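Everything numeric here is computed off the predicted structure, so don't read it as measured data. The sequence lines fix the lettering, A, B, ..., with proteins before strands; numbering per chain opens at 1.
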Amino acid sequence: MTDTQTLYAAYSGIIDTALGALVSEGVLPEDASFKNVTLEPPRDPSHGDLATNAAMVLAKQAKTNPRALAEQIAEKLTAADGVVSADIAGPGFINLRLEPSAWLNELQAITALGDDYGRSAMGAGTSVNVEYVSANPTGPMHMGHCRGAVVGDALSSLLELAGHDVTREYYINDAGGQVDVLARSVHLRYREALGADIGAIPEGLYPGDYLVPVGKALASELGDKFADAPEEEWLPVFRAHAVTEMMEVIKGDLALLGIHHDVFSSEAALHQAGKPDEAEKWLRENGFVYDGVLEAPKGKAPPEDWEPVELPLFRSTQFGDDQDRPIKKSNGAWTYFGADLAYHMQKAEKADELIDIWGADHAGTVKRIKAAVAALSQGKGKPTPFDVKLVQMVQLMRGGEPVKMSKRSGNFITIADMIDEVGKDVVRFTMLTRKPEAQMEFDFAKVVEASKDNPVWYVQYAHARIQSTVRKASEEESVSPSDEALGQLGDEELTLIRRAAQFPREVEAAAKAREPHRIAFYLYDLATDLNAFYSLGNTALEKRFIVKHDKGLSAARLSLADAIGQVLRNGLRVLGVEAVDRM
RNA sequence: GUUCCCGUAGCUCAGGUGGAUAGAGCGUUGGAUUCCUAAUCCAAAGGCCACAGGUUCGAAUCCUGUCGGGAACACCA
């Protein structure tokens with residue numbers, strides 16, 4: 001055996017060859033596009049092993065009707081290796097039936113490729129920067145950040161498996177006014193640590209207890225020299241300290257979720273390096289920035305202090321935004337957008353494609369940042385593909401009742417609380433069982449349930465069953481299956497292999513669509529098939545993985561079990577969820 | 001008022017970028033276990049894919065509009 005090739009890849013190749021032959025015969029035009037040709041399992045398994053829509057997609061280009069073209073394609077495919085028959089059905093589907101050995105080869109491919117089964121070359125040569133979490137460094141991570149964190153991390157892993165060179169990046173918003181608030185809050189805790197009676201935390205400062213240790217640390221490090229000093233003396237010191245401390249807290253929370261970023265980019269550092277000025281200069285030269293007056297906010301009464309001011313505005317209306325957006329404030333400081341724009345320019349210099357994962361509350365700013373990237377990447381000659389994934393809210397529930405959160409008192413549910421209660425794997429998997437753009441509920445009671453209703457549990461259970469079986473088998477001597485033994489595997493086993501064989505396509509499709517949740521749903525389906533097969537053995541001893549007195553068949557079935565376990569592990573790895581051996 | 005997301009079985013949700021007869025779980029009804037993990041499995045019932053138009057060989061999927069649910073709309077971050 002030379003290169004280990006997965007089944008769908010191999011047969012896609014066979015179809016390409018057949019279509020290529022039709023091009024050289026003049027049936028299809030030279031410039032025919034095969035872009036929309038797909039190869040997939042037929043909806044109804046009785047139709048065959050594989051189905052292609054090639055004839056329907058290409059009929060127009062061939063200037064003929066789908067069924068006529070299908071006949072010509074089918075004729076070529078019938079001659080191909082491992083193909084038993086190629087039948088035309090419905091409006092022009094071609095259904096292929098394969099030798100059983102084709103599926104058995106896939107079984108061996110899974111074993112041979114191991115952890116690499118599912119890895120694709122699709123994304124090779126394209127680097128992607130995924131920015132996610134980017135929570136403000138003003139406190140521990142809470143629930144609001146969790147879903148985006150998990151989705152971003154799983155998406156990164158998925159893109160890696162699909163062959164992309166991925167950078168996981170975190171943007172630290174350490175330059176805005178909220179960091180001054182943080183510094184003041186810490187200063188208060190610092191005085192408290194020195195023995196001052198600070199009373200209640202004033203409105204507008206962060207009340208959370210998590211700042212107490214930060215204050216103490218600063219008190220022992222700095223003594224009392226800033227206790228009564230004017231703010232301008234201590235503010236920069238406290239700001240830097242507080243941000244560093246908070247980032248340590250956040251990195252700790254992320255680690256609990258199994259998340260590690262490659263790059264932490266600081267907004268303050270961006271300013272220091274003069275990046276926003278560079279961006280503004282280029283944008284002005286190219287007519288994307290001008291000085292103008294903002295319109296009053298629409299749809300509600302304008303703020304009392306609203307008055308028209310001239311500001312440098314970015315022409316985001318050219319890209320479909322409602323209004324042009326200021327990049328600087330009237331006091332001359334950069335707006336968040338002004339800095340963010342420069343930040344994206346910096347990212348686009350290093351990566352071929354950009355993805356941001358944002359909370360839905362930032363939906364209103366998507367258009368302007370997309371506009372900015374579109375404008376800026378014109379300078380590079382070719383536009384940088386840029387995707388903003390919005391992650392919708394998660395409603396926390398407990399036994400069907402919403403969990404109340406009071407942000408004002410500083411009592412919110414943190415990531416750490418959540419993981420402490422239900423575990424990392426449950427949090428991660430559950431967050432991936434909805435498409436991100438749909439709102440979801442997270443019920444503490446339900447996600448720890450041990451039942452089919454709980455996908456995390458169900459998938460892990462399937463894996464644990466496999467491992468248990470393999471353990472049991474290894475007590476006896478291990479036999480690697482002969483071809484003859486593999487030949488004994490029947491339809492029921494092939495169903496399982498068919499599902500497993502879809503994993504590589506599932507990875508590519510999910511990566512292309514940037515939807516890691518598809519892997520979670522796929523794993524659930526695979527687990528269902530495994531459990532269905534497993535249950536056959538409850539009433540029929542000869543359907544068990546381990547069949548007494550038939551070492552050949554047992555070895556063949558065990559290699560199947562092992563392969564399914566491998567695919568479950570590979571999928572769970574993308575999601576960042578442990579594949580447990582025992583439950 | 002504007003923008004974005006959502007609307008699929010009684011409930012919670014999938015639906016592979018336009019394909020074949022619409023898919024799961026829960027719940028309901030009926031069945032299966034001496035024995036590899038029954039925390040499981042098999043089966044039945046359950047649908048105007050919110051509504052109305054449009055695009056084409058073909059629409060839950062794409063376009064327009066309407067209705068309903070959610071979110072955002074400052075030079076904040």
Is there a side-chain contact between A/His344 and A/Glu131 (heavy atoms, below 4.5 Å)? yes
Judged by modelled atom types alone, do A/Ser451 and A/Asp453 share a side-chain donor-acceptor pair under 3.5 Å? no
Nearest to side-chain heavy atoms of A/Leu294, which nucleotide of B/U37, B/U3, B/C75: B/C75
B/U21 versus B/C49 - spacing of their P atoms, nearest Å: 15 Å
Let me know the distance between CE of A/Met431 and P of B/C13, rounded to the nearest Å. 14 Å
Using a heavy-atom cut-off of 4.0 Å across all strands, would you classify A/Tyr534 as base, sugar-phosphate, or nothing? base
Measure from the side chain of A/Glu437, starting at C-beta and using heavy atoms only, and say which of B/C6, B/U40, B/U37 lies closest. B/C6
Side-chain donor-acceptor pair present, A/Gln566, A/Asp562, cut-off under 3.5 Å: no
Pick base, sugar-phosphate or nothing for A/Ala509, based on heavy-atom distances below 4.0 Å to the nucleic acid. sugar-phosphate
Distance check needed: B/C76 C1' versus A/Leu311 CG, whole Å only. 14 Å
Spell out yes or no: do the side chain of A/Ser468 and the base of B/C36 have one donor N/O and one acceptor N/O closer than 3.5 Å? no
Over all strands shown, is A/Asp44 touching base, sugar-phosphate only, or nothing at heavy-atom distances under 4.0 angstrom? base
A/Asn136 side-chain proximity, nearest of B/C75, B/U17, B/A77: B/A77
Atom-pair distance (CE on A/Met440; C1' on B/G70), nearest Å: 15 Å
Output yes when at least one side-chain N/O atom of A/Tyr343 is less than 4.0 Å from OP1 or OP2 of B/A77, else no. no
B/C4 P sits how many Å from A/Ile357 CD1, rounded? 20 Å
For A/Thr365, report the nucleic acid contact type (base, sugar-phosphate, nothing); a contact means any heavy atom under 4.0 Å. base
If you look at every strand shown and take non-hydrogen atoms under 4.0 Å, does A/Phe521 touch a base, only sugar-phosphate, or nothing? sugar-phosphate
Heavy atoms only, 4.0 Å cut-off, all strands: where does A/Asp529 land among base, sugar-phosphate and nothing? nothing
Sugar-phosphate, base or nothing in reach of A/Ala532, heavy atoms under 4.0 Å: sugar-phosphate
Taking pairing as Watson-Crick or G-U wobble with both contacts under 3.5 Å, can you name the mate of B/A14, or confirm there isn't one? none
Nucleotide of B/A38, B/G15, B/C36 approaching A/Ile546 most closely (side-chain heavy atoms): B/C36
Which nucleotide sits closest to the side chain of A/Arg544: B/C36, B/U37, B/A72? B/C36
Please confirm whether the ring centroid of A/Phe533 lies under 6.0 Å from the ring centroid of A/Phe545. yes
Give the rounded distance in Å between these two atoms: OH of A/Tyr522 and C1' of B/A24. 16 Å
Same-atom distance (P) from B/C4 to B/C76, integer angstrom: 23 Å
Under 4.0 angstrom, heavy atoms only, what part of the nucleic acid is A/Pro436 near: base, sugar-phosphate, or nothing? nothing
What contact category does A/Ser451 fall into here, base, sugar-phosphate, or nothing, at under 4.0 angstrom with non-hydrogen atoms? sugar-phosphate
With a 4.0 Å cut-off on heavy atoms, is A/Thr539 in touch with a base, just the backbone sugar-phosphate, or nothing at all? sugar-phosphate
Taking CD from A/Gln392 and C1' from B/A72, how many angstroms apart are they, rounded to a whole number? 10 Å
If you check every side-chain atom of A/Leu541, which of B/C75, B/C35, B/C41 has the closest atom? B/C35
Heavy atoms under 4.0 Å, any strand shown: does A/Tyr524 hit a base, just sugar-phosphate, or nothing? sugar-phosphate
Which heavy atom of A/Asn531 sits nearest a heavy atom of A/Arg465, and at what distance? OD1-NH1, 2.8 Å
When you measure from the side chain of A/Glu515, which nucleotide among B/G15, B/C26, B/A20 comes out closest? B/G15
Show me the donor-acceptor pairs within less than 3.5 Å that the side chains of residues 515-522 of chain A make with the rest of the protein, sequence neighbours left out.
{"residue": "A/Glu515", "atom": "OE1", "partner": "A/Arg518", "partner atom": "NE", "Å": "3.0"}
{"residue": "A/Glu515", "atom": "OE1", "partner": "A/Arg518", "partner atom": "NH2", "Å": "3.1"}
{"residue": "A/Tyr522", "atom": "OH", "partner": "A/Arg499", "partner atom": "O", "Å": "2.6"}
{"residue": "A/Tyr522", "atom": "OH", "partner": "A/Ala500", "partner atom": "O", "Å": "3.4"}

Per nearest nucleotide of RNA chain B, the residue lying toward the 5' end, A/Lys60 or A/Met56, is A/Met56
Quick one: label A/Asn538 by what it contacts on the DNA or RNA (base, sugar-phosphate, nothing), any heavy atom closer than 4.0 Å. base
Spell out yes or no: do the side chain of A/Asp453 and the base of B/A24 have one donor N/O and one acceptor N/O closer than 3.5 Å? no
Check the phosphate of B/A77 against A/Lys329, side-chain N and O only, distance under 4.0 Å to OP1 or OP2. Yes or no? yes
Would you kindly compare A/Lys435 and A/Ser535 by the position of their nearest RNA chain B nucleotide and give the one closer to the 5′ end? A/Lys435
State, with a plain yes or no, whether a side-chain heavy atom of A/Leu96 is found less than 4.5 Å away from one of A/Asp49. no
Which whole-number value in Å describes the distance from A/Glu40 CD to B/G16 P? 10 Å
Using a 4.0 Å heavy-atom cut-off across all strands, classify A/Met583 as base, sugar-phosphate, or nothing. base
When rounded to whole Å, the CZ to C1' distance for the pair A/Phe319 and B/C4 reads 20 Å
Out of B/A20, B/C75, B/C4, which nucleotide sits closest to the side chain of A/Asn95? B/A20
Is the A/Phe442 ring parallel, tilted or perpendicular to the A/Phe444 ring (thresholds 30°, 60°)? perpendicular
Is_stacked (A/His362, B/A72) at 5.5 Å, 30 deg: no
Taking every non-hydrogen atom, the tightest pair across A/Leu390 and A/Ala360: CD2-CA, 4.5 Å
Does the structure show A/His517 stacking with B/A14, if we require the centres to be closer than 5.5 Å and the planes to be within less than 30 degrees of parallel? no
Determine the contact category for A/Ala450: base if any of its heavy atoms lies under 4.0 Å from a base atom, sugar-phosphate if only primed atoms, P, OP1 or OP2 are that close, otherwise nothing. base
Paired nucleotide for B/A52 [Watson-Crick or G-U wobble; both distances under 3.5 Å]: B/U64
Side chain of A/Arg434 - closest among B/A14, B/G16, B/A77: B/A14
